[in-house]
Amino acid sequence: MVEPSRPPQRESRLESWPQSWARAVVGLRSVSAARRADVLTEIHRGSQATTLYYVLLGISELIAGFALIINSDATLIGANVVAPLMTPIFGVSLGLMRGDLELLRAALVAEFGGALLGVGLCFLLGLMPLALEPSAALLSQTRPTLIDLMVAALAGFAGVLAIIDERVSPALPGVAIATALNPPIAAIGLCLAYGAYSGAWGAFLLFFANVLAILAVAAVLFLIAGFVTREEIGPLRGLARRFAAAAVGLVLVTGLLTTYLVRMVRDLRMERAINSVLDAELAQEPGTSLVSVESNRETDAVEILSTVLTPRVLVPERVKRMEDMLTERLGEPVRLFVRCSVTKDVAPTGSTHV
């Protein structure tokens, strides 16, 4: 019996992530001279602080402000679609690399002038009685970590690839870059209006860190793609002088955000350990449950305030046992305070717990 012939199988080979990234970077070297000229013209034109630029940026920041107030991710995405923040950053990068003071000045005015406009508009928005308390979306913009810096660097990478390769629409990477820059600007204005100056500082730090990350990535990729010649760069000492402030700022911000990330991870682990110990101990008390835990790291000990629902007040010896268990688990002194909310379960036939 003759077996039916099978259609030829197409061989497929999946590239690893490093191989794909390497191929994308190497592909930058194949950009034609005509495409380079078009991109340079586009960057020069997009780095100008025109009336339309400020109108679009103002609209996008107001939308972002409303999104942070109502805690709407979908609305925040809409704000990022409108924001024209990608091209001026590329203008700053090229201006520094080529020593083009005219382009550098225009791009700085567009980027940071637009940021000041956005902060001012969102400050006025925050003065309106629209929000009763800060939303989770707003709070997330005030607590930057090293992860945010890495996200901004990836957004910059995608943005440069998109603007260089004409087969890719720059709209989507533009949204990614706006995601790293637009919400922090709105958060600065809102926090200033609320009097939350520490939150405004955190949002400013996030914005500044993201600008530096995108700037550094864009400079490297523009150099690889041949958008800057050796003659335009000039002496290496001059290039180092032009990038000195940005490099120092990036190093300082990276160190600071790394510290924030380490502290956040440490606090999360401590919170999980506290809840685990208290849940296990309170499970031995009939009808008792843990409601909330608040911790504060002091100079000599970790102070913990736990609120529990219980049919009877816990005796001091029981609290002492839990404090000792927490001290052993955390590896540092603990002062535990238990706030007992006495409850009484009632059934149709009468009280079930006293």
Side-chain angles (χ1 to χ4, degrees), residues 71 132-151 184 187 191 194-206 208-209 251-347 351-354:
N71 197 35
L132 299 178
E133 60 183 17
S135 65
L138 177 58
L139 293 176
S140 67
Q141 300 299 320
T142 64
R143 300 166 181 171
T145 66
L146 187 63
I147 296 176
D148 298 294
L149 191 69
M150 296 170 63
V151 170
C191 288
Y194 298 155
Y197 301 115
S198 61
W201 163 250
F204 169 77
L205 186 62
L206 176 59
F208 186 61
V251 171
L252 292 177
V253 167
T254 301
L256 190 59
L257 295 187
T258 301
T259 303
Y260 288 171
L261 179 61
V262 171
R263 185 184 306 167
M264 183 183 71
V265 172
R266 182 193 62 187
D267 291 343
L268 286 175
R269 289 178 176 174
M270 183 179 72
E271 182 180 347
R272 290 178 181 176
I274 292 172
N275 281 277
S276 175
V277 171
L278 293 179
D279 283 335
E281 291 296 315
L282 293 175
Q284 304 174 23
E285 299 287 336
T288 302
S289 61
L290 181 64
V291 176
S292 64
V293 175
E294 298 178 11
S295 61
N296 184 26
R297 189 180 297 273
E298 299 292 338
T299 55
D300 58 338
V302 177
E303 291 189 353
I304 301 173
L305 171 62
S306 63
T307 301
V308 299
L309 295 178
T310 176
R312 64 187 63 83
V313 177
L314 300 182
V315 298
E317 292 77 11
R318 193 75 181 87
V319 176
K320 175 61 176 171
R321 170 181 166 79
M322 291 191 292
E323 184 180 83
D324 292 339
M325 293 289 293
L326 287 169
T327 299
E328 180 181 354
R329 179 69 176 272
L330 299 180
E332 53 185 313
V334 171
R335 287 196 293 267
L336 175 64
F337 304 89
V338 179
R339 178 176 293 162
C340 297
S341 296
V342 179
T343 61
K344 188 174 184 180
D345 298 335
V346 179
S351 175
T352 57
H353 291 291
V354 180

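Nothing fancy with the numbering, it's 1 onward along the sequence. Every heavy atom of this structure was used, including side-chain atoms; hydrogens, water molecules and symmetry mates were not.
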**OP:** Step by step, work out the side chain to side chain contact (heavy atoms under 4.5 Å, CB included) result for L282 and L314.
**Re:** CA-CA 10 Å; L282 293 175; L314 300 182; 4.0 Å; yes
Subject >> Check against side chain to side chain contact (heavy atoms under 4.5 Å, CB included), T327 and L336 >> reply: CA-CA 10 Å; T327 299; L336 175 64; over 6 Å; no
**OP:** For side chain to side chain contact (heavy atoms under 4.5 Å, CB included), just list the numbers for L138 and C191, CA-CA rounded to whole Å, side-chain angles, deciding distance to a tenth of an Å, and then say yes or no.
**Re:** CA-CA 9 Å; L138 177 58; C191 288; 4.2 Å; yes
**OP:** Give the intermediate values and the outcome of side chain to side chain contact (heavy atoms under 4.5 Å, CB included) for residues M264 and R143.
**Re:** CA-CA 9 Å; M264 183 183 71; R143 300 166 181 171; over 6 Å; no
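Contact of the F337 side chain with the R335 side chain is registered, since non-hydrogen atoms from C-beta on lie closer than 4.5 Å. Residues V338 and R318 are not in side-chain contact: their nearest non-hydrogen atoms beyond the backbone lie 4.5 Å or more apart. Side-chain contact between E271 and V293 is absent, with no heavy-atom pair separated by less than 4.5 Å. Looking at D148 and L257, their side chains never come closer than 4.5 Å, going by heavy atoms from C-beta outward. Annotation: side chain of S276 is in contact with side chain of R329 (closest heavy-atom distance under 4.5 Å).
Taking a cutoff of 4.0 Å between a charged side-chain nitrogen and a carboxylate oxygen, D267 and R263 do not qualify as a salt bridge. A salt bridge links K320 with E323; the closest basic N to acidic carboxylate O contact falls under 4.0 Å.
Around atom CZ of R266, more than 12 heavy atoms belonging to other residues, nucleotides or ligands sit under 6.0 Å away. Within 6.0 Å of CD in E294 there are 12 or fewer heavy atoms belonging to other residues, nucleotides or ligands.
The side-chain contact (heavy atoms from CB on, under 4.5 Å) with Y260 is formed by just one residue from the set L205, L146, I147; it is L205.
Taking CE from M150 and OG1 from T254, the interatomic distance works out to 11.0 Å, rounded to the nearest 0.5 Å. Distance check: E332 CD to D300 CG gives 10.5 Å after rounding to the nearest 0.5 Å. The line from CG of L278 to OG of S289 is 12.0 Å long, rounded to the nearest 0.5 Å.
Looking only at distances, no side-chain donor or acceptor of R321 sits under 3.5 Å from a matching main-chain atom of E281.
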